[in-house]
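What follows is a single structure, written as structure tokens, with notes after it.
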Protein chains: 6
Amino acid sequence: MSERYMRGIEIAEQLAAEKLEEFTTSRVAELAPDFARMAIEFPLGDLYARNGLDLRSREIAAISSLATLGNADPQLRIHIQAATQVGLTKAEIIEILMQTAIYAGFPSALNALASCHDLLTEERPCQAARRVAGQG
Amino acid sequence: MSERYMRGIEIAEQLAAEKLEEFTTSRVAELAPDFARMAIEFPLGDLYARNGLDLRSREIAAISSLATLGNADPQLRIHIQAATQVGLTKAEIIEILMQTAIYAGFPSALNALASCHDLLTEERPCQAARRVAGQG
Amino acid sequence: MSERYMRGIEIAEQLAAEKLEEFTTSRVAELAPDFARMAIEFPLGDLYARNGLDLRSREIAAISSLATLGNADPQLRIHIQAATQVGLTKAEIIEILMQTAIYAGFPSALNALASCHDLLTEERPCQAARRVAGQG
Amino acid sequence: MSERYMRGIEIAEQLAAEKLEEFTTSRVAELAPDFARMAIEFPLGDLYARNGLDLRSREIAAISSLATLGNADPQLRIHIQAATQVGLTKAEIIEILMQTAIYAGFPSALNALASCHDLLTEERPCQAARRVAGQG
Amino acid sequence: MSERYMRGIEIAEQLAAEKLEEFTTSRVAELAPDFARMAIEFPLGDLYARNGLDLRSREIAAISSLATLGNADPQLRIHIQAATQVGLTKAEIIEILMQTAIYAGFPSALNALASCHDLLTEERPCQAARRVAGQG
Amino acid sequence: MSERYMRGIEIAEQLAAEKLEEFTTSRVAELAPDFARMAIEFPLGDLYARNGLDLRSREIAAISSLATLGNADPQLRIHIQAATQVGLTKAEIIEILMQTAIYAGFPSALNALASCHDLLTEERPCQAARRVAGQG
């Protein structure tokens with residue numbers, strides 16, 4: 001376990017440990033365990049762990065970049081979940097995705113919103129109440 | 001002058017009025033004045049003017065998206081200048097550009113840093129002093 | 001209802017109202033109703049509604065751009081349907097998609113043709129006859 | 001000289017022979033003469049020469065795709081010149097470039113307009129008159 | 001049958017005839033038979049058939065380019081199978097996919113590895129033995 | 001100096017030390033010295049230094065990926081020079097660039113060939129002789 005990996009795992013825990021865990025135990029980890037390790041070490045251990053930018057800002061940058069790419073759905077989903085862990089509201093995340101239409105066009109923005117729909121739906125109070133009552 | 005345009009111009013002033021001014025009086029404005037107007041109305045008047053996300057966060061998203069595209073240098077330069085108007089430090093902007101290497105690869109990040117080098121260089125105290133003394 | 005929205009809806013009706021309807025009542029509309037509105041106002045109300053270019057030409061441009069992007073299947077499907085509403089034949093649309101191989105490579109062209117296969121298949125007379133006879 | 005090449009050259013002449021000539025005698029032709037030949041044979045000899053779509057429509061598709069790519073300026077310039085040879089007005093070409101903002105974002109559209117500014121400027125009568133009078 | 005097509009089919013047989021066969025008899029071939037033919041003639045008949053580069057090197061280039069695009073999964077799968085036909089090991093292909101993270105970012109590399117997982121899994125001896133024994 | 005950095009520098013020397021040196025002492029290194037270090041550590045120290053793929057194959061992958069991106073000229077130039085250090089001939093590199101037309105379209109291939117023209121021109125014997133005689 002390199003120091004960089006340990007530092008990366010610490011960040012992973014702040015973001016959404018269990019989600020990233022799921023990811024590193026995935027098909028990539030099975031096929032290319034060194035690469036699964038590098039995907040923690042470099043992005044999280046080297047970059048996210050730096051002091052120069054807070055995690056909330058880093059997640060805004062991540063979501064905007066991933067929606068711009070337009071073909072990085074699994075990573076976009078992970079970072080939307082991470083973003084809510086470090087203080088972004090679902091409404092703010094929706095604004096960020098809408099804004100990418102300016103730079104990357106409407107299809108990227110629309111498809112990002114559609115494919116992360118389940119993660120971004122705010123529970124309305126009555127829904128939550130129904131669920132508690134076992135009716136949801 | 002539509003209300004959306006006026007609202008967009010207000011945002012433009014908060015970001016870096018003179019820079020965007022320079023832009024709208026550019027070759028695009030000469031060739032397609034309606035499009036230069038739309039480029040204020042939709043991005044700034046419709047999206048930036050919304051309450052759901054602060055301008056500092058919007059500029060993080062803009063810079064990250066534009067660096068990811070890799071072929072939007074003029075717009076990246078405008079938004080780096082705007083970002084410093086709404087509270088981002090040059091060191092934070094450098095972190096955002098570095099971070100795009102994760103999602104869009106090293107060339108995008110390296111070329112963004114290189115082509116905005118002049119905008120991101122921090123003046124060191126001694127340089128500023130020399131300039132005051134008329135030696136810079 | 002803004003004037004731009006009304007103008008956009010008029011265009012939507014010329015293109016393929018019911019399809020776009022389906023779209024605006026989709027997951028995006030649920031999550032970000034303002035953005036679903038903007039996706040009518042700006043593309044259709046501001047741009048398509050202009051006199052400078054006929055709708056047939058606009059749909060050629062749309063299909064070519066969306067196939068070039070390579071990750072905008074839902075939008076490509078909508079515009080292929082719209083294109084047939086404004087006078088493009090299926091054979092012409094296939095030519096447009098084939099041509100994108102020049103600029104964006106074979107994978108984009110091949111994948112666009114494959115994923116819109118159902119929309120572009122010409123019914124042969126005998127197939128239609130069979131269907132009428134309840135055998136299709 | 002393959003038949004495909006001859007067919008391609010015929011199309012090239014309809015589009016803007018002299019411009020494409022300039023291109024095929026360029027640095028690419030010097031370095032990779034077979035590839036310069038293929039760049040006539042496949043795009044023009046195989047695809048453009050087909051009957052299924054008129055050249056005006058093919059140039060709309062070309063311009064829209066190249067502006068969407070965002071990094072194909074030399075080709076965009078060639079096809080804007082070709083487009084005017086087959087009946088598109090400069091005003092129509094500007095509409096096509098504006099429209100790409102919907103699918104590929106504002107930076108692509110703005111940069112395409114700016115970098116082809118010289119090709120798309122309509123001479124106003126008074127300018128032409130002045131030039132004739134040796135004052136332009 | 002053009003000479004180029006015959007030359008292309010010869011290459012196809014060296015790479016993984018049956019896979020490409022499957023492809024040319026696919027939905028694209030049904031919709032646009034001329035384009036299915038061109039997709040053999042130009043890539044294989046014109047380029048792959050040239051003497052200047054061995055097929056192993058061509059498949060490295062193909063896999064790297066397709067993983068970089070990030071939205072060309074069907075073609076990436078075909079070329080991974082072709083690569084193993086011309087001497088690349090699965091371990092080498094995994095290295096090539098990992099390396100694309102440098103140029104195109106982690107999402108492209110991770111998604112390529114994940115979506116070709118089934119093609120890249122090495123059978124471990126004990127698994128093979130079990131299968132022979134009818135237990136796999 | 002991390003071990004990863006030292007390992008990266010060793011690879012850099014095998015590829016074309018002086019070129020990469022030039023690069024790391026560039027504007028990026030001035031602005032973001034940590035990122036210039038990371039750009040050695042991760043790509044070269046972590047990935048290139050692995051045993052699973054020879055450097056010739058790695059350079060084929062690099063050139064193909066960078067030409068596909070279409071907006072990474074500085075990096076493409078570095079890797080074309082590196083490729084010749086590890087055994088690729090200029091003629092082979094030209095084949096690799098031509099082949100990217102299949103996957104990424106003609107503009108990417110043409111622009112890569114044009115912008116690296118100076119690096120790929122083979123000196124003809126008579127030119128070399130003239131230079132020796134001080135006439136070149």
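A note on names: the letters A, B, ... follow the listed sequences, proteins ahead of strands, and every chain is numbered from 1. The figures here come from the full heavy-atom set of this structure, side chains too, leaving out hydrogens, waters and symmetry mates.
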Would you name the heavy atoms of A49(A) and I11(A) that are closest together and state the gap between them? CA-CD1, 3.8 Å
Once ring-ring contact (aromatic ring centres under 6.0 Å, His included) is applied, what residue pairs with a partner in residues 53-73 of chain A remain, sequence neighbours excluded? none
Nearest heavy-atom approach of I40(A) to I9(A) is CG2-N, 3.9 Å
Examine whether an atom of A62(B) lies under 4.5 Å from a heavy atom of chain A, and if so say whether it belongs to the side chain, the backbone or both; otherwise answer neither. both
Candidate polar pairs, chain B side and chain A side, donor-acceptor under 3.5 Å:
{"from": "Y48(B)", "atom 1": "OH", "to": "Q99(A)", "atom 2": "NE2", "distance (Å)": "3.2"}
{"from": "Y48(B)", "atom 1": "OH", "to": "Y103(A)", "atom 2": "OH", "distance (Å)": "2.9"}
{"from": "R50(B)", "atom 1": "NE", "to": "E95(A)", "atom 2": "OE1", "distance (Å)": "3.0"}
{"from": "R50(B)", "atom 1": "NE", "to": "E95(A)", "atom 2": "OE2", "distance (Å)": "2.9"}
{"from": "R50(B)", "atom 1": "NH2", "to": "E95(A)", "atom 2": "OE2", "distance (Å)": "2.8"}
{"from": "R56(B)", "atom 1": "NH1", "to": "S57(A)", "atom 2": "OG", "distance (Å)": "3.3"}
{"from": "S57(B)", "atom 1": "OG", "to": "R56(A)", "atom 2": "NH1", "distance (Å)": "3.3"}
{"from": "R58(B)", "atom 1": "O", "to": "Q99(A)", "atom 2": "NE2", "distance (Å)": "3.0"}
{"from": "R58(B)", "atom 1": "NH1", "to": "Q99(A)", "atom 2": "OE1", "distance (Å)": "3.0"}
{"from": "R58(B)", "atom 1": "NH2", "to": "E95(A)", "atom 2": "OE1", "distance (Å)": "2.8"}
{"from": "A61(B)", "atom 1": "O", "to": "S64(A)", "atom 2": "OG", "distance (Å)": "2.6"}
{"from": "S64(B)", "atom 1": "OG", "to": "A61(A)", "atom 2": "O", "distance (Å)": "2.6"}
{"from": "S65(B)", "atom 1": "OG", "to": "T68(A)", "atom 2": "OG1", "distance (Å)": "2.7"}
{"from": "T68(B)", "atom 1": "OG1", "to": "S65(A)", "atom 2": "OG", "distance (Å)": "2.7"}
{"from": "E95(B)", "atom 1": "OE1", "to": "R50(A)", "atom 2": "NE", "distance (Å)": "3.1"}
{"from": "E95(B)", "atom 1": "OE1", "to": "R58(A)", "atom 2": "NH2", "distance (Å)": "2.8"}
{"from": "E95(B)", "atom 1": "OE2", "to": "R50(A)", "atom 2": "NE", "distance (Å)": "2.9"}
{"from": "E95(B)", "atom 1": "OE2", "to": "R50(A)", "atom 2": "NH2", "distance (Å)": "2.8"}
{"from": "Q99(B)", "atom 1": "OE1", "to": "R58(A)", "atom 2": "NH1", "distance (Å)": "3.0"}
{"from": "Q99(B)", "atom 1": "NE2", "to": "Y48(A)", "atom 2": "OH", "distance (Å)": "3.3"}
{"from": "Q99(B)", "atom 1": "NE2", "to": "R58(A)", "atom 2": "O", "distance (Å)": "3.0"}
{"from": "Y103(B)", "atom 1": "OH", "to": "Y48(A)", "atom 2": "OH", "distance (Å)": "2.9"}

With I80(A) as partner, the option from I93(A), L88(A), L66(A) fulfilling side-chain contact (heavy atoms from CB on, under 4.5 Å) is I93(A)
Evaluate side chain to side chain contact (heavy atoms under 4.5 Å, CB included) for I78(A) paired with L15(A), printing each intermediate quantity in order. CA-CA 9 Å; I78(A) 288 170; L15(A) 296 177; over 6 Å; no
First locate atom CG of L76(B), then atom CG of L119(B), and finally report the distance between them rounded to the nearest 0.5 Å. 8.5 Å
Please classify the contact between A72(B) and chain A as side chain, backbone, both or neither, with a heavy-atom cut-off of under 4.5 Å. neither
Only pairs at least two apart or in different chains count here, so list each ring-ring contact (aromatic ring centres under 6.0 Å, His included) that has a residue in residues 53-78 of chain B. none
